[in-house]
Amino acid sequence: MQKMSRRAFMKRSLTGMAAVSVVPSSVLGRKYGHRSPSDKLNIAAVGVGGVCRRNLKNMSTENIYALCDVDWGYAARTFKDYPEAKRYKDWRQMLDEAGKQIDAVVVATPDHTHAVIAAHAMTLGKHVYVQKPLTHSVYEARLLAALARKYRVATQMGNQGNSFDWCRRVAEWIWDDAIGEVTEVHCWTDRPIWPQGLMVPKQQETPPDTLDWPLFVGPAEMRPYHAAYTPWNWRGWYDFGTGALGDMACHIMDPIMWALDLKYPESVIASSTLSNLYSPPHAETITYTFPARPAHGKVKMPEVKVYWYDGGLMPPRPEELADGQMMGDQNGGLIFVGTKGKIMTGCYGSAPTLLPVSRMKDYQEPKPQLRRVPGGTGNIWNTDAHEQDWIRACKESPESRVEPSSNFQFSGPFTEMVDMGVVAVRLAGTYGLHRVLRWDGPKMCFTNISPNDKIKIVNYDDFKVIDGDPRFDRRFAEFNALEMASEWIKHTYHNGYELPPMPAGV
């Protein structure tokens, strides 16, 4: 199966789809949503060794039909949870052999394989739940949103705070003119909490017997196994993850997307600690500028700047905060700056408050305008709200479906913005482009990089002390900036993996 071409895979899969066309309507109901809420979905999950275990627990109202992971040692606890589930290492084999029985697929693999798995599952009519960030690249996010529309499946990105009341309350306060017109927003996180700024390991290691290394690498460029790549620490490697920004922005920036009706930024500028070719920097700041949007009710939506900070960097402390009062919470937070005041939240948009906090005493919250998700209050880690809202949508027909709030028409453009920020950091660097980058969202490209622009990126970095003297050996490789930007926006797929084509008209 590791060597199965996409053509062979799709031929066999389409044959399976043809077979579905002659089965009873009770089975067809799985694809088209004509089923009772009490009927159980057959759910398959890919990448079950980490956060997916929690996702599946929150989906335990359904039938966990198949489990797939490239490392059966890492996945052992989840396998034990569902002893009757079919087990696979290759998601292609799973869809090929069990696709007729599967209604929905959960994708919780490293970032670089989210899109290829979810895209093929959707072409087979499967509903999909994909962990954040939705994709590893801008193009992949655009593709998944388009495929979700074409195949009319229920979709959800795994940014669980999206189903909580917090995001909705922040949006409703802003629409209620609680702080006037929002002109800037500051977002920060305590991540990374894994190694970053790394050079490629020099030594080669033997992978564990339980791990299929080529399947882990998937569409990335092949390289020798090293324990620095997996499990979990893949977030700190550009080929597999998207660093602190990709890991947390789809949580922390979520209330901004709700409240300010944002889509494509018009420009971005980034700065970071030393960046290299292989691994995100230790810390970075990014400034997105979004154009003015139509007013939301009585509140105007002027140009707004959104500032991102990670790696221990923080925004300026609001003067309204009392001495000793924490900004946000221990995981990060948000500060909306308006013409009449400020709103501060914790990570995931939690515990929103007007600043100064004393304003909350007299503030009358507006009547809710947005649908609330059952279970969307309390402790974010002790609720199944986000997963169950997706399951509800999976059982509804496309004609009458109430989409989950982080469906791909919302989370796709959101992830495009996040992934574009990752590219901006890579283009900045020590010998980068040194400019505000102009972004054309519909065309997915920067408009002010010329064909002759060059960037230099660290590709070797070593330090020794010899006879008491420091010896630095830092080397740079030169690249065409436009070519690299294009590659990072739409990745080249390796090792026989391919994405389905972009639907016409996108």
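Contact check on Glu403 versus Arg149 returns no salt bridge, with no Lys/Arg side-chain nitrogen under 4.0 Å from an Asp/Glu carboxylate oxygen. A salt bridge links Arg392 with Glu396; the closest basic N to acidic carboxylate O contact falls under 4.0 Å. Classification of Arg223 and Asp239 as a salt-bridged pair holds, one side-chain N sitting under 4.0 Å from a carboxylate O. The pair Glu140-Lys490 fails the salt-bridge criterion, with no side-chain N (NZ, NE, NH1 or NH2) lying under 4.0 Å from an Asp/Glu carboxylate O. One finds a salt bridge joining Asp81 and Arg53 here, because a Lys/Arg side-chain nitrogen approaches an Asp/Glu carboxylate oxygen to under 4.0 Å. A salt bridge links Arg191 with Asp247: at least one charged nitrogen is closer than 4.0 Å to a carboxylate oxygen.
Rounded to the nearest 0.5 angstrom, Trp72 CH2 and Leu67 CG are separated by 10.0 Å. For the atom pair CG of Leu143 and CE of Met122, the computed distance is 7.0 Å after rounding to the nearest 0.5 Å. If you take CG on Asp176 and CZ on Arg169, they are separated by 12.5 Å, rounding to the nearest 0.5 Å. Here the CE-CZ distance, from Met59 to Arg54, works out to 12.0 Å after rounding to the nearest 0.5 Å. Ile489 CD1 to Arg142 CZ: the interatomic distance, rounded to the nearest 0.5 Å, is 10.5 Å. Distance check: Lys132 NZ to Cys250 SG gives 8.0 Å after rounding to the nearest 0.5 Å.
Closest approach of Pro404 and Arg371 over heavy atoms only: CA-NH2, 4.2 Å. In plain terms, the two heavy atoms of Gly349 and Pro255 that are nearest each other are CA-CG, 3.8 Å. Nearest heavy-atom pair across Ser406 and His386 is CB-CE1, 4.0 Å. Nearest heavy atom pair, residue Pro352 against residue Val170, reads CB-CG2, 3.6 Å. Nearest heavy-atom pair across Gly441 and Tyr264 is CA-CG, 3.6 Å. When all heavy atoms of Asn495 and Gly218 are compared, the pair lying nearest together is ND2-O, 2.7 Å.
His186 has its ring centre no less than 6.0 Å from the ring centre of Trp308. In this structure, the ring of His136 has its center no less than 6.0 angstrom from the ring center of His114.
Between Cys187 and Ile256, some side-chain heavy-atom pair lies under the 4.5 Å cut-off. Within the 4.5 Å cutoff, side-chain heavy atoms of Met94 are placed close to those of Val46. Under the 4.5 Å side-chain criterion, counting only non-hydrogen atoms from C-beta, Trp237 is not in contact with Gln196. Counting heavy atoms from C-beta on, the side chains of Leu56 and Tyr82 come closer than 4.5 Å. Side-chain atoms of Val70 and Trp213, non-hydrogen and from C-beta on, never get closer than 4.5 Å to each other. Taking 4.5 Å as the limit, some side-chain heavy atom of Ser163 sits within range of a side-chain heavy atom of Gln156. Within the 4.5 Å cutoff, no side-chain heavy atoms of Val107 are placed close to those of Gln131. Counting heavy atoms from C-beta outward, Asn331 and Thr189 have side chains that stay 4.5 Å or more apart.
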Next on the checklist: Determine whether Trp234 and His112 satisfy the following criterion, ring pair (Phe, Tyr, Trp, His ring centres under 6.0 Å), listing intermediate values before the conclusion.
Outcome noted: CA-CA 10 Å; Trp234 50 262; His112 74 299; 7.8 Å; no
Next on the checklist: With side-chain contact (heavy atoms from CB on, under 4.5 Å) as the criterion, how do Thr415 and Met157 come out once you've worked through the C-alpha distance, each side chain's angles and the decisive distance to 0.1 Å?
Outcome noted: CA-CA 10 Å; Thr415 304; Met157 180 171 72; 3.6 Å; yes
Checklist entry - Taking it one step at a time, do Val418 and Thr242 satisfy side-chain contact (heavy atoms from CB on, under 4.5 Å)? => result CA-CA 9 Å; Val418 173; Thr242 45; over 6 Å; no
Item to check | Stepwise side chain to side chain donor-acceptor pair (under 3.5 Å) check, Asp261 with His296 | outcome: CA-CA 8 Å; Asp261 298 334; His296 195 113; 3.0 Å; yes
Next on the checklist: Could you walk me through whether Thr447 and Asp440 satisfy the side chain to side chain donor-acceptor pair (under 3.5 Å) test, starting with their C-alpha distance in whole Å, then the side-chain angles of each, then the deciding distance to 0.1 Å, before giving a yes or no?
Outcome noted: CA-CA 7 Å; Thr447 60; Asp440 185 329; over 6 Å; no
Checklist entry - Yes or no on side-chain contact (heavy atoms from CB on, under 4.5 Å) for Trp175 and Leu370, after CA distance, side-chain angles and deciding distance? => result CA-CA 11 Å; Trp175 301 339; Leu370 298 167; 3.9 Å; yes
Item to check | Trace of the side chain to side chain donor-acceptor pair (under 3.5 Å) decision for Trp173 with Glu365 | outcome: CA-CA 7 Å; Trp173 291 4; Glu365 290 203 34; 3.1 Å; yes
Item to check | Criterion side-chain contact (heavy atoms from CB on, under 4.5 Å) on Thr383 and Phe164, from CA distance to verdict | outcome: CA-CA 10 Å; Thr383 179; Phe164 265 59; 3.3 Å; yes
Checklist entry - Given the rule in the side chain to side chain donor-acceptor pair (under 3.5 Å) test, do Gln388 and Trp390 qualify, once you have shown the distances and angles that lead to the verdict? => result CA-CA 5 Å; Gln388 286 297 317; Trp390 171 68; over 6 Å; no
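At distances below 3.5 Å, not a single donor-acceptor pair connects side-chain atoms of His251 with backbone N or O atoms of Asn159. A side-chain donor-acceptor contact under 3.5 Å links Asp329 to the backbone of Cys347. With Arg401 contributing its side chain and Glu399 its backbone, the two residues share no donor-acceptor pair below 3.5 Å. The main-chain N or O of Asp212 is never found under 3.5 Å from a side-chain atom of Asp71 such that the two would form a donor-acceptor pair. A donor-acceptor pair is defined here as one N or O able to donate and one able to accept, closer than 3.5 Å; no such pair exists between the side chain of Arg77 and the backbone of Ala75. Ser279 places a side-chain N or O within donor-acceptor distance of the main-chain N or O of Gly236, the cut-off being under 3.5 Å. Using a distance-only test at 3.5 Å, with no hydrogens or angles considered, no donor-acceptor pair links the side chain of Ser267 to the main chain of Leu437. No donor-acceptor pair closer than 3.5 Å links the side chain of Arg152 to the backbone N or O of Lys150. Of the possible polar contacts, none joining the Thr345 side chain to the Ala351 backbone as a donor-acceptor pair under 3.5 Å is found. No donor-acceptor distance shorter than 3.5 angstrom exists from the side chain of Thr113 to the backbone of Thr109, with no hydrogens or angles considered.
A side-chain contact (heavy atoms from CB on, under 4.5 Å) with Phe408 is found for one member of Val128, Thr135, Leu147 and no other, namely Val128. Checking each of Trp194, Phe216, Phe240 against Tyr229 for a ring pair (Phe, Tyr, Trp, His ring centres under 6.0 Å) leaves exactly one that passes, namely Phe240.
A side-chain donor-acceptor contact under 3.5 Å links Lys305 and Thr289. Side-chain contact of Ser405 with Arg168: a donor-acceptor pair under 3.5 Å is present, judged by distance alone. Residues Glu387 and Asn55 have side chains that bring a donor and an acceptor to within less than 3.5 angstrom of each other.
Remark: Asp209 CG is loosely packed, at most 12 non-hydrogen atoms of other residues, nucleotides or ligands lying under 6.0 Å away.
Arg426 forms a cation-pi arrangement with Tyr238, by the criterion of a distance under 6.0 Å to the ring centre and an angle within 45° of the ring axis.
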